[in-house]
Amino acid sequence: MTTTHASRLLAWYDRHRRTLPWRAPAGRRADPYVVWLSEIMLQQTTVATVGDYFRRFIERWPTVEALAEAPLDEVLSAWAGLGYYARARNLHACARAVAESGGRFPKDESGLLALPGIGAYTAAAIRAIAFDEPASAVDGNVERVIARLFAIETPLPDAKTEIKTRAAKLVPPERAGDYAQAMMDLGATVCTPRNPRCVICPLMTACKARKQGIAEELPRRAPKAAKPTRRGLAFVLARKDGAILLRKRPPKGLLGGMDEVPSSPWREGKLSPEKALAEAPVPARWQILDGLVRHTFTHFHLELTVARATATTGRLATLAPGTSWCTVDRMTERALPTVMRKVIAHAVRS
Ligand code: SF4
């Protein structure tokens, strides 16, 4: 690909660029805070899902300083449902670091990489989109476009280095931010995983995979190792007024700092719900419900059996530290991850 192809891509972008809530109008430089926030949200999450979260965050915390001043609990709660909660903790830590150093995101790669939660991709996206620096931001969409343009047959993840090297050589010296967004848009709307629309693609004449008739087969992927399944018993203890007992997870690790209903440890192997009742947060008349709540994390599948009980006043004094009651009307304010919302819904439905 040559500068001509970059020009074709930019010309296509000028006509077909997506309108996205975080995208600056044509010809305007994007706010680094907005770029950073949207890119963190978009990691592992679709544009459609991120839209509403992004709008809510920007409305509530319009500047990096405002986000830095927010209590972590509020940020986690606003993030609930987006998944990958380490991102939210890092988001908050990063906002604090930027606010403490004057409220400006650094422009250089090393300064950005030193901030919590910012990796090579996010640093490149911020540098390109917010500062118009010729940085190469290679997300999943761009990876696919490059693999096809050069007919790279090496399966992912081994192909990553070659893809990044090829992508970096294509970045034009001018309009690097628009170019980065054009590549993202091309991958999202034209060079799609299934049925790429090669006939309308601005890069059609240069594309090797199209010429070889293998576009849809690329990028190839090495087979993934099967995920293990962990199982546990979740305890939904409800007061007569409908309030549910929640506890806070440890600050670090999976779902760190989020709220949850208490549960037995999540382990691989068969679960004996009757034995797992020994892990109940309080003695009560626990009823084991039919059905399972299933959820998939990055490294494992989770199957939770749900036990439900109604709390009586005499037992409330025995609650463990770190647990608290949450009334139904306050539930949306709590940092409840999706899996726990599913558990509560299952207990309410059954
Ligand atoms: Fe993708 Fe087809 Fe364009 Fe090649 S020609 S970049 S395969 S849409």
Side-chain angles (χ1 to χ4, degrees), residues 1-20 22-23 26 30 35 38-39 42-51 120-129 132-224:
M1 206 162 101
T2 63
T3 314
T4 317
H5 298 109
S7 315
R8 280 191 192 149
L9 185 63
L10 287 165
W12 171 84
Y13 180 71
D14 289 338
R15 288 194 306 277
H16 300 290
R17 70 202 295 278
R18 288 178 294 175
T19 302
L20 297 169
W22 45 87
R23 191 167 272 181
V35 178
S38 62
E39 288 297 341
L42 285 163
Q43 288 166 17
Q44 324 275 352
T45 312
T46 63
V47 164
T49 305
V50 166
Y121 166 76
T122 310
I126 295 171
R127 292 182 66 220
I129 301 170
D132 227 14
E133 293 280 316
S136 175
V138 181
D139 66 358
N141 282 326
V142 177
E143 211 162 59
R144 184 168 58 255
V145 174
I146 298 291
R148 288 172 175 175
L149 266 181
F150 294 97
I152 297 170
E153 299 228 27
T154 312
L156 287 167
D158 286 358
K160 278 185 182 284
T161 309
E162 183 181 354
I163 289 175
K164 281 187 184 151
T165 308
R166 297 267 195 186
K169 287 187 182 152
L170 299 179
V171 179
E174 306 288 327
R175 296 187 66 190
D178 283 348
Y179 175 82
Q181 294 173 97
M183 284 292 273
M184 293 171 189
D185 282 13
L186 190 77
T189 63
V190 175
C191 194
T192 45
R194 298 277 155 265
N195 302 318
R197 300 157 73 203
C198 301
V199 287
I200 59 157
C201 177
L203 307 182
M204 183 176 72
T205 53
C207 181
K208 291 189 178 171
R210 186 196 66 84
K211 281 183 196 148
Q212 294 173 26
I214 55 169
E216 196 166 338
E217 293 165 33
L218 301 184
R220 301 194 196 286
R221 291 176 197 278
K224 282 188 186 157

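Every number for a ligand or one of its atoms is a count from 1 in the order of the listing. As the structure is a prediction and not an experimental result, all values here were calculated from the model.
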Pairwise side-chain contact, Tyr179 with Leu170, heavy-atom cut-off 4.5 Å (strictly under): yes
Tightest non-hydrogen contact, residues Ala176 and Pro134, listed as CB-CA, 3.6 Å
Report yes or no: does Thr45 contribute a side-chain atom to a donor-acceptor pair with the main-chain N or O of Gln43 at less than 3.5 Å? yes
Between Glu143 and the options Lys160, Arg148, Arg166, the salt bridge (charged side-chain N to carboxylate O under 4.0 Å, His left out) test singles out Lys160
Anything protein N/O/S under 2.8 Å from atom 1 (Fe) of ligand 1? Just list residue and atom, please. Cys191 SG
Do Glu39 and Tyr121 have side chains that approach each other closer than 4.5 Å (heavy atoms only, starting at C-beta)? yes
I'd like to check Met184 versus Val142 (side-chain heavy atoms, cut-off strictly below 4.5 Å). Are they in contact? yes
